[in-house]
Amino acid sequence: MGGFFTGRTLTGIGRDLRAGRESARGLVARVLESVDEDLNAFVTLDAEGAEAAARWADEELASGIDRGPLHGVPVAVKDIVDVAGLPTGMGSGHFAGHVAEADAVCVTMLRDAGAVIVGKTGTQEFAFGGSGDVSVNGAVRNPRDRERMSGGSSSGSAVAVAAGMVPLAIGTDTGGSVRIPSAFCGIAGFKPPHGAIPTGGVFPLSRSLDHVGVLAATADDCRVAYHALTGPAEAVPSLLDGSPGGDRAGAAPYGRVAWIEPPVCDPEVERRVRALFPDAPSERIDFAGLRQVFLAIEYSEAYDVHAERVAEAPGRYQPATLARLRDAGRMPGWRLVRALRERDRYAEEIAGLLDRYDLLAMPTMPIPAPRIGAVEVGLGPLTALLVGLTSPWNVLGLPALSVPAGTVPADGGGELPIGAQLVTRRGAESLLFTAAEHLAP
C-alpha cells in the first residue's frame with residue numbers, strides 16, 4: 001500500500017510538475033520503482049515508451065505548452081483497451097501475442113491531454129466477470145489482503161491505484177467493473193454516462209452496456225481526470241435551485257438524496273454506508289427485475305462477440321469464462337426482446353425518482369472482498385452479488401460513482417474497505433463529485 005503515489009493527488013502532482021519539483025520523467029521512474037509484482041496488477045510495462053512520452057511532456061511544459069491537469073501524469077490502461085504497439089491480451093489465451101496497431105479513442109484522448117501511458121493492467125478474461133481472479137495471467141491480488149479478490153473486471157487498474165503504483169488508471173464497466181474493484185480496494189471509481197467516453201478500440205463485452213471509466217484514489221481525482229478528457233463541467237441545477245418539487249427541508253448541502261435499500265447486504269456494510277446519509281428517505285427499486293434485463297442484454301451481446309471462438313477453440317478460454325459463455329448461448333431471443341422493452345419502462349421509473357431526488361445512494365458492494373477463488377459466500381452465489389447493486393446503472397446508462405466508505409471487520413481478522421455508490425441523472429455528474437466532497441467515512 002506504500003507506492004510513491006499513495007496519498008498524492010492529481011492536483012498536487014500537477015502543481016509539483018509546474019513548479020519544477022517533479023518531472024514527468026521522474027514520475028515514470030517512480031512508477032517503475034513502485035510496481036509490486038506480487039499483486040499482479042500490470043501485465044505489460046512500457047518503460048521505453050513511457051520515458052519517451054514523459055520527455056516530450058517535460059519539453060512541452062518547459063516551453064509553455066500546458067495541456068491541462070493530466071499533462072505529464074502517468075496513467076495505466078486496462079488490457080482490453082488498445083494502446084498502439086503494446087499487447088492487448090484481454091486476459092485470454094485467445095489473444096496471446098496480439099499487439100494493437102492503433103490507440104483506442106480514450107487513449108488518444110489521454111495522449112491529447114498530455115498523459116503518459118505507462119503500461120497495461122490485468123483484467124478478468126474478456127472483462128466477463130467481477131472477481132478479478134479469472135485470467136490467463138492469474139489472479140490480481142487485493143493490496144489490503146493478498147488472499148482476497150481485487151474485484152473485476154478492471155482489477156489491475158484498481159490495484160495499481162490502491163497500491164500507489166500510479167495516480168490514475170483507465171478501466172471499463174459493463175455491469176460494475178470500475179466500481180466493484182474500487183470498492184473492494186478502497187479507492188474511487190467513476191462510470192460516466194453511456195457514451196461520454198467513446199469505446200472505440202475497446203474490445204467489446206456488451207456493446208450497449210459497455211462504458212469507459214476512471215479509477216483514482218479520490219472522487220476529486222476522478223473528477224479532474226473526467227473533465228480533462230471530456231471538457232469542463234457545466235453548471236447543473238439541483239432540486240435546491242427551485243426545480244419543481246425542490247425543497248431544502250431535510251436536504252444535504254449537495255441536494256436531496258434518496259437511500260436505495262439493497263435487497264441483500266451484509267448488515268455491517270449497510271449500517272456503515274447508511275450512516276453517511278442519515279437524513280435520506282428510503283426508497284426501493286426493482287433490483288431483481290433490472291438484473292434480469294441486464295443478464296438478457298449482456299449474455300446476448302457477449303455471445304454475439306464470442307460465438308465463433310466458443311465453437312472453434314473452446315479450450316483457449318478459462319473454464320469459468322467458457323461456462324458463462326455457454327450459458328449465454330442458451331439465452332432465448334424472446335428474453336432479449338422483452339428486456340429491451342422492460343429497459344424503457346425502468347428508465348421511466350428511475351427518471352421519475354430522479355425528478356424528486358438529486359442523487360440515489362446505496363452500497364457499491366453488499367459485501368467486502370471475498371477470498372480468491374470463492375464462488376459463494378454467506379449471502380449467496382458470488383456472481384449475482386458482485387453486480388447486484390451496480391448493473392442497473394449500466395442498463396440505464398446513468399453516471400455512477402463509488403467512493404470509499406470506511407472499513408468493516410473481515411472474517412479471520414483485520415479490516416476490509418467498502419464503498420458507497422452515488423447515482424444521478426445524465427448531465428448531472430458534477431453533483432456526484434460535490435456530494436463526495438462532503439462524505440467522510
>> Assess the residue pair T121 and S157 against the criterion (side-chain hydrogen bond (donor to acceptor under 3.5 Å, both in side chains)); give the C-alpha distance rounded to whole Å, side-chain angles, the decisive distance to 0.1 Å, and a yes or no.
In response: CA-CA 6 Å; T121 53; S157 289; 2.8 Å; yes
> What is the distance from atom CH2 of W393 to atom CG of L290, rounded to the nearest 0.5 Å?
Replying inline: 7.0 Å
> For V75, which of V116, L110, V118 qualifies under side chain to side chain contact (heavy atoms under 4.5 Å, CB included)?
Replying inline: L110
>> Between D358 and T424, is there a side-chain heavy-atom distance shorter than 4.5 Å?
In response: no
>> Counting only heavy atoms not in R426 (residues, nucleotides, ligands), do more than 12 fall under 6.0 Å from its CZ?
In response: yes
> Between atom OG1 of T199 and atom CG of L209, what is the distance when rounded to the nearest 0.5 Å?
Replying inline: 11.5 Å
>> Under 4.0 Å between a side-chain nitrogen and a carboxylate oxygen: does that hold for D355 and R425?
In response: no
>> Less than 4.0 angstrom from a charged side-chain N to a carboxylate O is my criterion; do R371 and E147 meet it?
In response: no
> side-chain hydrogen bond (donor to acceptor under 3.5 Å, both in side chains) between E415 and T407: does it pass, once the steps are laid out?
Replying inline: CA-CA 6 Å; E415 297 272 328; T407 61; 2.8 Å; yes
> Is any side-chain N of the basic residue among R356 and E283 closer than 4.0 Å to the acidic one's carboxylate O?
Replying inline: yes
> Relative to each other, are the rings of F126 and H306 parallel, tilted or perpendicular (30° and 60° limits)?
Replying inline: perpendicular
>> Using a strict threshold of under 4.0 Å (side-chain N to carboxylate O), is an ion pair present between R338 and E342?
In response: no
> Do the non-hydrogen side-chain atoms of L215 and V178 ever get within less than 4.5 Å of each other?
Replying inline: yes
> Between E33 and R30, does at least one N-O distance fall below 4.0 Å, as a salt bridge requires?
Replying inline: yes
>> Contact between I117 and R111 at the side-chain level, heavy atoms closer than 4.5 Å - yes or no?
In response: yes
> To the nearest 0.5 Å, what is the distance between CZ (F277) and CG (D279)?
Replying inline: 11.5 Å
>> Give me the atom names and distance for the closest heavy-atom approach of S92 to V136.
In response: N-CG1, 3.6 Å
> Got L325 and R309 here, is their nearest side-chain heavy-atom distance under 4.5 Å?
Replying inline: no
> Should R8 and E22 count as an ion pair when the cut-off is N to O under 4.0 Å?
Replying inline: yes
> Is the shortest side-chain N to carboxylate O distance from D82 to K120 below 4.0 Å?
Replying inline: no
>> What I want to find out is whether R223 reaches D220 closely enough, with some N-O distance under 4.0 Å, to be called a salt bridge.
In response: yes
>> Consider side chain to side chain donor-acceptor pair (under 3.5 Å). Of S182, S153, S391, S155, which one does S177 pass it with?
In response: S153
> Is there a side-chain contact between R335 and Q292 (heavy atoms, below 4.5 Å)?
Replying inline: yes
> Can R330 and D327 be counted as an ion pair, charged N to O under 4.0 angstrom?
Replying inline: yes
